[in-house]
Amino acid sequence: MKIAQRAIATGLGVTVAVCCLWADAARADESESDRSFDSTAVVTADALPDALPADTTDLTPAIAPASTAAAGSTGTDQPPAIAPDSNQPTPTAATSVATPVATSTDAAITEQSSPVAQNPFELVPEVPPTPEAGTPGDPEAGTPGDNVPNQPSTLGDRPAASTEADELVIQKLETNPNPLQFPTLPDEVKILLTQPITLEQAVEIGRRNNRDLRQLYLAIERSRAQLRQSIAANYPQLRLSSSITNSLSASSRLNLLIQNRAARDIGNFRGQVDIDTQDQVVWNNALELTYNIYTAGLRPANIDAAQAQLRSDELALEATFEDLRRDITDGYYRLQQENEQFKIDQSAVKFREQSVKDAQSLEKAGLGTRFEVLQAEVELANDRQLVVQTRDRQTQRRRELARLLSLPEAIDIQTADTIAKAGDWTLPLETSIVLAYRNRAEIEQQLAQRELNLAQRRARLSQLGPQVSAFARYELLDVVQPSDNFDLVSGYSTGLQMQWTIFDGGAARAQARQELIAAQISENGVGRARDRIRFEVEVAYSNLMANAENIQTSLKAIESAQEEVRLARLRFQAGVGTQTDRLNAENRLTRARGNVLIAIIGYNRALAALERAVSNLPPGTVKPVTTPIQLPDLGDQPAAGSLTDLTPRSPQPR
């Protein structure tokens, strides 16, 4: 009993000592991480002395996040305190950009303090037990690991489901959450309903239904679990094992046979034992506590890598959603354009049909020729072919938008918004480019990948360092036999263990070199992303300006077409003009009106592309249009009638 009490006391003492060492290291590293992650200076190669040795290539990035300054800055083995599953609203970390900004653009840029907008997705992770304050996983630590999007937010300038009616429409168009269920009968994929939706509703439906977003959402959940697994290395491991065995080994049987033979040789037949009754039932219990005291940097490197991977997945989710919103917006405007083009083509067919009737009437009256009739019929056939082609494109645009929204099988959609300018862009080109550098998630995603590679490099090099661990083990053993008069027998063991790989053939350093080159690839990716972003902003801005000019040009064409229609009607009423001239003038007015709407749609598409190229726009960047464009209503025009009097009319005095 004294031995058992002493063993228990020794085991508890070792446990308390290990926990104290672990808590002290965690608190020290937490304070160090708070100082490190508060820095917002641009990181150069001098800020990473342990990550980049002197004999390697210089890895000075053009742009680097503030969190990179903390990589490898702590001297202890403990990682910075992080909270992978915080229920608090997620703060947004600021990032410095090593790009000179002109003084005239500072006022517009400073409104946008965050390079990455709040994630528009509500993530509901599995919340692990909250550790005590000051330990890894403390929600109050305030480190970059807290930037996990677990709070819902709006979709920027386009609020989703602003009314109850909008929410009902969106819920009706939500897809089946089970991706493994799919239709097997033709009737299940037949279109039964066509639902008109607005652009805001389309964006919200895409946010809820899109498969690519769901894929990235699951990737974030997986990264959360990986981060939690890395954090678990900070805690000691306590294992309880229990086993019951019934055994009679071959060596024991052999010893008993030798013993029985020796007893027979000396004539001691009573000294023989029954071998079949010598098996033993042993109950063995063990409680073991282990903790890795020193891992040569492996533990914090794994946590930093998990943090960077989670951040990279979050940024990928944001970038994909921005792309999806742009694609949905562009698809919606394309469908509006095809709808308007379909109306224009139908109007042209209507006018051509009337022209054919007029040509036939003139031929019958002897005032026209067969050539004019055939010419009108050919033009009518061409216009009808354009109607068919436009209807086909219209169907394709609807189904393309339905694919982006992942709609239910039996539902199709149609546009409900009227065609109007979406807004006016207020920033000059240079300010837009600099703002895009600060706001686009693609640049920060490359930097997060660089941090991941550098953390993995440190993890590879840690394999060459010593690994020190402490353990304490307490055992209880009992032989379960009817004739056993002994109680449980206890025992214990405590100690330290060190492992050190002296030589591994250069494998660890080769792996570290691979990660170093991967970091250089990520840095090159920053430059590539910056070039691509500038090109996208310049192209979208140029298209926006060109379409704005086209709107003004087409508005002037409408004025001319209206005057032409007025004069054609007066000439026809005065007897100096023909019905064909009037119909052609009205057709040109219809096309001019359609050209204005198409120019407006082109402007809206260019504006959507520019919004995506910049991303995370500060308030006031796109101002609403105060004076809407007024277009002539074609419904007020008199319908083209048939020719009733084919004789030329005498000119009327003006």
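As the structure is a prediction and not an experimental result, all values here were calculated from the model.
One distance of note links CD of Glu586 with CZ of Arg591; it measures 14.0 Å at 0.5 Å rounding. Rounding to the nearest 0.5 Å places CD of Gln346 at 12.0 Å from OG1 of Thr590. Taken to the nearest 0.5 Å, the CZ atom of Arg534 stands 10.5 Å off from the CZ atom of Arg530. The CG atom of Leu583 sits 10.5 Å away from the CZ atom of Arg588 when rounded to the nearest 0.5 Å. The line from CD of Gln195 to CG of Asp412 is 10.5 Å long, rounded to the nearest 0.5 Å. Atom CD1 of Ile600 sits about 7.5 Å away from atom CD1 of Ile419, to the nearest 0.5 Å.
A donor atom on one side chain and an acceptor atom on the other are found under 3.5 Å apart for Gln396 and Asp392. Using a 3.5 Å distance cut-off with no hydrogens or angles, the side chains of Asp313 and Ser223 do pair a donor with an acceptor.
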Candidate pair Leu454 and Glu515, rule side chain to side chain contact (heavy atoms under 4.5 Å, CB included), full reasoning: CA-CA 7 Å; Leu454 293 178; Glu515 299 297 340; over 6 Å; no

Given side chain to side chain donor-acceptor pair (under 3.5 Å), test Ser347 with Asn587 step by step and report yes or no. CA-CA 7 Å; Ser347 176; Asn587 187 24; 4.7 Å; no

In sequence, state the C-alpha distance, the side-chain angles, and the governing distance for Leu216 and Asp212, and then conclude on side chain to side chain contact (heavy atoms under 4.5 Å, CB included). CA-CA 6 Å; Leu216 292 174; Asp212 296 336; 5.7 Å; no

Set out, in order, the CA-CA distance, both residues' side-chain angles and the distance that settles side chain to side chain contact (heavy atoms under 4.5 Å, CB included) for Glu340 and Gln336, then state yes or no. CA-CA 6 Å; Glu340 189 60 32; Gln336 281 186 329; over 6 Å; no

What's the verdict on side chain to side chain contact (heavy atoms under 4.5 Å, CB included) for Asn584 and Phe351, showing C-alpha distance, side-chain angles and the deciding distance? CA-CA 8 Å; Asn584 290 334; Phe351 288 128; over 6 Å; no

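Judged by distance alone, the side chain of Asn439 and the main-chain N or O of Ser615 form a donor-acceptor pair under 3.5 Å. Panel note: side chain Asn547, backbone Asn550; no donor-acceptor pair is recorded below 3.5 Å. A donor-acceptor contact shorter than 3.5 Å is absent between the side chain of Ser312 and the backbone of Ala308. Counting only distance, with no hydrogens or angles, the side chain of Glu563 and the backbone of Ser560 share no donor-acceptor pair below 3.5 Å. Judged purely by atom type and a 3.5 angstrom limit, Thr329 uses its side chain to pair as donor or acceptor with the backbone of Arg325. Side-chain atoms of Asp383 never come within 3.5 Å of backbone atoms of Arg352 as a donor-acceptor pair (strictly under, hydrogens ignored). Listed for the Ser432 side chain is a donor-acceptor partner under 3.5 Å among the backbone atoms of Pro428. At distances below 3.5 Å, not a single donor-acceptor pair connects side-chain atoms of Thr320 with backbone N or O atoms of Leu317. A donor-acceptor contact shorter than 3.5 Å links the side chain of Ser522 to the backbone of Ala518.
Between Glu559 and Lys556 there is no salt bridge, since none of the side-chain N atoms of the basic residue sits less than 4.0 Å from a carboxylate O of the acidic one. Note on Lys623 versus Asp424: no salt bridge recorded, every NZ/NE/NH1/NH2 to OD/OE distance being 4.0 Å or above. Using a 4.0 Å cut-off between charged nitrogen and carboxylate oxygen, Arg326 and Asp330 do not count as a salt-bridge pair. Here Arg311 pairs with Glu444 in a salt bridge; the nearest charged N to carboxylate O distance falls below 4.0 Å. In this structure, Glu338 does not pair ionically with Arg334, as no charged nitrogen and carboxylate oxygen lie closer than 4.0 Å.
The shortest heavy-atom contact between Leu401 and Gly331 is CD1-C, 4.4 Å. For the residue pair Arg398 and Ile413, the shortest heavy atom distance occurs at CD-O, 2.9 Å. Across Asp304 and Ala455, no two heavy atoms sit closer than the pair CB-CB, 3.8 Å. Annotation for Gly594 and Ile344: closest pair CA-CD1, 3.2 Å, computed over non-hydrogen atoms. The nearest pair of heavy atoms linking Asp417 to Glu200 is OD2-OE1, 4.2 Å. Of all the heavy atoms in Tyr603 and Trp425, the pair that sits closest is OH-N, 4.1 Å.
The side-chain hydrogen bond (donor to acceptor under 3.5 Å, both in side chains) test with Thr390 is passed by exactly one of Asp345, Thr395, Asn339: Asp345. Considering Glu318, Glu322, Arg612, Gln445 in turn, Arg612 is the only one that fulfils the side chain to side chain contact (heavy atoms under 4.5 Å, CB included) rule with Arg440.
Residue Gln414 places its CD atom among more than 12 non-hydrogen atoms of other residues, nucleotides or ligands, all under 6.0 Å distant. Atom CZ of Arg399 has more than 12 neighbouring heavy atoms from other residues, nucleotides or ligands inside a 6.0 Å radius. Taking a 6.0 Å sphere around CD of Glu400, one finds it holds more than 12 heavy atoms contributed by other residues, nucleotides or ligands.
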